[in-house]
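Report on one structure; see the data block that follows.
Just so it is clear, the model here is predicted, and its values are computed rather than measured.
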Amino acid sequence: MRNTALAHTALLGALAAAALTGCSADPGRPADAPATSASPAEGRWKPRPGLAWQWQLDGKVDPSADVPVYDIDGFENSAADVARLHRDGRKVICYVNVGAWEDFRPDKDAFPRSVLGKPNGWAGERWLDIRQLAVLRPLMERRFDMCRDKGFDAVEPDLVEGYGNDTGFPLTARDQLRYNRMIADIAHERGLSVGLKNDLSQIPQLLADFDFAVNEECAQYDECARLRPFIAAGKAVFHVEYTEPRSGFCPVSRRLGLSSMVKQPELGVWRKPC
């Protein structure tokens with residue numbers, strides 16, 4: 001559910017606050033073409049570097065963390081949960097798996113067997129054939145409709161780097177670019193900001209399409225510098241480590257403006273921020 005062991009990321013910058021405006025991509029452009037729209041989308045949240053955050057995917061949200069940004073499971077939390085966080089002045093990100101089928105989701109039967117690939121290492125999950133855009137787009141649109149209708153401000157689409165894994169399908173980098181841009185477009189069409197989860201190799205091509213980044217373990221894998229474009233563009237990098245000691249990466253994270261903390265892999269309430 002959270003993410004597979006692939007590359008991770010983050011680096012450089014300094015700032016903190018939240019902002020708006022953004023641009024929406026052209027869903028018909030080629031996979032390797034840059035974003036074509038530069039017009040601002042009024043009202044869309046644009047998180048800036050340095051914002052503290054809480055990432056809780058295990059169960060219903062516990063609102064006790066005193067931070068301005070929460071990233072929580074879109075299915076397991078209600079509109080009332082999101083509204084409560086908003087009343088406390090928080091922005092709220094909707095976690096949705098867009099790269100793998102999950103046998104524990106209420107819409108699991110809507111996915112045809114033709115799009116289900118190999119298990120991805122998480123219980124009850126199988127990779128999706130992201131080449132089948134006509135099949136997957138309406139399914140993801142309904143999931144993002146859920147996020148919008150519950151009042152979320154943004155979406156964290158997970159597992160957007162299947163082309164680098166053994167999915168059971170011959171996925172290419174071009175397939176992944178096309179799919180990831182489709183996902184970003186679906187979010188933007190609904191007024192939601194969208195984060196790029198890992199997928200470090202495609203940051204140069206996707207920076208213009210995504211409003212922030214979510215990164216796992218860039219310090220452990222010595223890959224944080226690959227997220228420099230996000231910070232340089234004034235876009236937040238929400239970053240976690242699972243095993244690295246804070247003394248080893250927090251000084252650098254603070255200097256660079258990363259939104260960093262240590263979490264346990266199950267992503268419960270516990271957190272140790274930098």
Next item on the list: Would you mind checking if Asp145 and Arg190 are paired as a salt bridge, meaning a charged N to carboxylate O distance below 4.0 Å?
Entry: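 Between Asp145 and Arg190 there is a salt bridge, with a charged N closer than 4.0 Å to a carboxylate O.
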Check: Should the pair Arg137-Glu189 be classified as a salt bridge under the 4.0 Å nitrogen-to-oxygen rule?
Finding: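 Judged by the 4.0 Å cut-off on N to carboxylate O distance, Arg137 and Glu189 do form a salt bridge.
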Note to self: Please check if the number of heavy atoms outside Asp149 that lie under 6.0 Å from its CG is greater than 12.
What the structure shows: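 It does: Asp149 CG has more than 12 such atoms within range.
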At their closest point, which heavy atom of [X] faces which heavy atom of [Y], and how far apart are they?
X	Y	answer
Asp129	Leu136	O-CD1, 3.4 Å
Ile203	Arg226	CD1-O, 3.4 Å
Tyr242	Val262	O-CG1, 4.3 Å
Tyr163	Ser201	OH-CB, 3.5 Å
Asn77	Gly59	ND2-O, 4.0 Å
His239	Cys218	NE2-SG, 3.4 Å

Item checked: Selection residues 77-89 - residue pairs positive for salt bridge (charged side-chain N to carboxylate O under 4.0 Å, His left out), sequence neighbours left out ->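 Listed once each, the pairs are Lys60-Asp81, Asp81-Arg84, Asp88-Arg90.
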Check: Where do Arg105 and Asp107 land on the salt bridge (Lys or Arg N to Asp or Glu O under 4.0 Å) test, with the steps shown first?
Finding: CA-CA 5 Å; Arg105 297 302 190 186; Asp107 62 351; over 6 Å; no
Looking just at side-chain N and O atoms, do [X] and [Y] make a donor-acceptor pair shorter than 3.5 Å?
X	Y	value
Asp62	Ser64	yes
Trp55	Glu156	yes
His188	Asp209	no
Asp199	Asn180	yes

Just by distance, do the side chain of [X] and the backbone of [Y] share a donor-acceptor pair under 3.5 Å?
X	Y	value
Asp73	Phe75	yes
Lys263	Trp270	yes
Glu217	Glu244	no
Tyr179	Val98	yes
Arg271	Trp53	yes
Asn120	Trp127	no
Gln176	Val160	yes
Asp175	Thr172	yes
Gln202	Ala173	yes
Gln56	Asp58	yes

Notebook entry, point to check: Of all residues at least two apart in sequence or in a different chain, which pass the side-chain contact (heavy atoms from CB on, under 4.5 Å) check with Cys274?
Noted result: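 Partners of Cys274 by the side-chain contact (heavy atoms from CB on, under 4.5 Å) criterion, ordered by chain and then number, come out as Phe249, Cys250, Ser253, Arg254, Ser260.
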Check: Who pairs with Pro245 by side-chain contact (heavy atoms from CB on, under 4.5 Å), at least two apart in sequence or on another chain?
Finding: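 Once residues adjacent in sequence are excluded, the partners of Pro245 under the side-chain contact (heavy atoms from CB on, under 4.5 Å) criterion are Ser247.
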Check: Can you name the one residue among Val269, Asp71, Leu267 that meets side-chain contact (heavy atoms from CB on, under 4.5 Å) with Gln54?
Finding: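 Single side-chain contact (heavy atoms from CB on, under 4.5 Å) partner of Gln54 among Val269, Asp71, Leu267: Val269.
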Next item on the list: Would you give the length of the straight line joining atom CD of Glu76 to atom CG of Leu57, rounded to the nearest 0.5 angstrom?
Entry: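 Rounded to the nearest 0.5 Å, the CD-CG separation comes to 8.0 Å.
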Check: Looking at CG of Asp153 and CZ of Arg148, how far apart are the two atoms once the value is rounded to the nearest 0.5 Å?
Finding: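 Interatomic distance, Asp153 CG to Arg148 CZ, rounded to 0.5 Å: 14.0 Å.
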Item checked: Aromatic centroids of Phe230 and Phe212 separated by under 6.0 Å ->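 Centroid distance Phe212-Phe230: not below 6.0 Å, so no.
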Notebook entry, point to check: In a check of salt bridge (charged side-chain N to carboxylate O under 4.0 Å, His left out) between Asp211 and each of Arg44, Lys235, Arg48, which one passes?
Noted result: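 By the salt bridge (charged side-chain N to carboxylate O under 4.0 Å, His left out) criterion, Asp211 pairs with just one of Arg44, Lys235, Arg48: Arg44.
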Check: Testing Thr167, Asn165, Asp166 for side chain to side chain donor-acceptor pair (under 3.5 Å) with Lys118, which one passes?
Finding: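 Single pass found, and it is Asp166.
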Next item on the list: Show your working on side chain to side chain contact (heavy atoms under 4.5 Å, CB included) between Phe238 and Leu51 and close with a plain yes or no.
Entry: CA-CA 8 Å; Phe238 297 116; Leu51 286 174; 4.1 Å; yes
